[in-house]
Amino acid sequence: MRSRFMTGTAPMTLSVAPRKQLLDTRLEVSGGQRLAGELRVSGAKNSALVLMAACLLTRDTLRLRNVPPLTDITAMGEILAALGVRVTRSGDTIDLDGESITRAAPPYELVNSLRASFFCIGPLLARMGTAQVPLPGGCQIGSRPVVEHVKGLKALGAQVTIEHGVVTASVPGRGHRLTGGHIHLDCPSVGATETLMMAAALADGETIIDNAALEPEVIDLAGLLTAMGARVQGAGTPTITIDGVQELHAADYAVIPDRIEAGTFLLAAAITRSSLTVGPVIPEHLGAVLTKLEEAGCLLHQDGTDLHISASEIRALDLRTMPFPGFPTDLQAPFMSLLATANGTSLVVENIFENRLQHVAELQRMGASIRMQGNTACIEGVARLSGAPVHGTDLRASAAMVLAGLAAEGVTTVRGLEFLDRGYAHLEDKLNAVGARIRRLGDPA
Ligand code: EPU
């Protein structure tokens, strides 16, 4: 039977553009334009991805609103569809009907293209008592282990083996239900916290997760799980307590605004020494970023869920990435583009991912003066960057290149859009609407 939500809505397109075409696509950014106006922020990618996986916890339909139109979201939809979930997308709303899940083993090709698909292991195990998920492997920014996820699932009674690159997990005993347990995470991993929250929601008894991640996306997941009938307390603090329930039910839930997209927009204003309004934002989600923007000399003013930013001179500063509420690693590269144009010398330390400074070489091609030592970049601001062909080496590095291009003299050609399109919805259209000059050029041949 078709999902009741499928009627009258356009079914989701379950294919991503071919890789070759994406690789040959580029943005041509004509720098030097002042920006003015209002930029609207989409729903948070990193929330939406995990909330989508939560549909596996119930036989009922989960309706998610404010889901951003991104290739990562499409990929997650494909993975859920491969498990038997009916996925229906209409605008920024997605209905996920997990009534008849047919398998507990997402295919390697799909998992490999989207690390976040590893999220499926928690809810699959909780609902089906078994899950077989390929190890997602590393990516451009680091090795990205899943040790904490696996350790936590074992603490909930799962038997887990890793062989031939596949994590096989099962729950022994009658009923194949996980049992609550006490988990202490060695590091406050966002993904591990989320995986274990979903697994614990359907476990027998109480689960305590200590040293849990504090990120807003964890709180958003707790909000959804609660709407589905779960008993979750303490999300947003280092100790999360989940009292397992027998089953979860349908929910209609809106994803929080994307704090990283919002931060990128604020940086677009700063790097072009412009004034912009950015919204909707939840300012508490951006605390460390707003503090650093003010330290750099930007003027910020909050008006409800809108933030007004106005920038003229930019001062150098030091920043180090930390888990929330520290400065987010996902805005380190975009902020470095700004610091490349600041008055004075800045230090940026990347503490979260071991390989997330690859954009330095690209910024240097645009005339930035940056020295590197280990995970630290020392940036001497220059009067002007110069446009050049550059390559975004990961999602946030690609955004950093676009920002640098907005401020540079001449034309910057940004490649690496297969990354950019994973996390920014219509970035060039949004920026062009406030005065940027960015053209997307494709060469499908
Ligand atoms: N870590 C371990 N062991 C583990 C798990 C993580 O050592 O078992 C380490 C990682 O190697 C890393 C650190 O802990 O050094 C943080 O990793 P975490 O697990 O918190 O990150 P994640 O869940 O894999 C999410 C976001 C990332 C974001 C990070 C940090 C999603 C889908 N991804 O990744 O987003 O950078 O949290 O905030 O939620 C992006 O959007 O560009 C992006 C990479």
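Nothing fancy with the numbering, it's 1 onward along the sequence. As the structure lists them, so they are numbered: ligands from 1, and atoms in each ligand from 1.
- In this structure, NE2 in His426 is found 9.5 Å from CZ in Arg440, a value given to the nearest 0.5 Å.
- Near ligand 1, Lys45, Asn46, Ala116, Ile141, Arg144, Pro145, Val146, Val147, Glu148, His149, Cys187, Ser189, Val190, Gly191, Thr329, Asp330, Ile352, Phe353, Arg356, Leu395, Arg396 each place a heavy atom less than 4.0 angstrom from the ligand.
- Note on Arg356 versus Asp330: salt bridge recorded, some NZ/NE/NH1/NH2 to OD/OE distance being below 4.0 Å.
- Heavy atoms of other residues, nucleotides or ligands lying less than 6.0 angstrom from CZ of Arg40 number more than 12.
- The existence of a salt bridge linking Glu206 and Arg231 is excluded, since no basic side-chain nitrogen approaches an acidic carboxylate oxygen closer than 4.0 Å.
- A heavy-atom distance below 4.5 Å is found between the side chains of Ile79 and Leu114.
- When the options Arg63, Arg89, Arg86 are evaluated for a salt bridge (Lys or Arg N to Asp or Glu O under 4.0 Å) with Asp95, the one that passes is Arg63.
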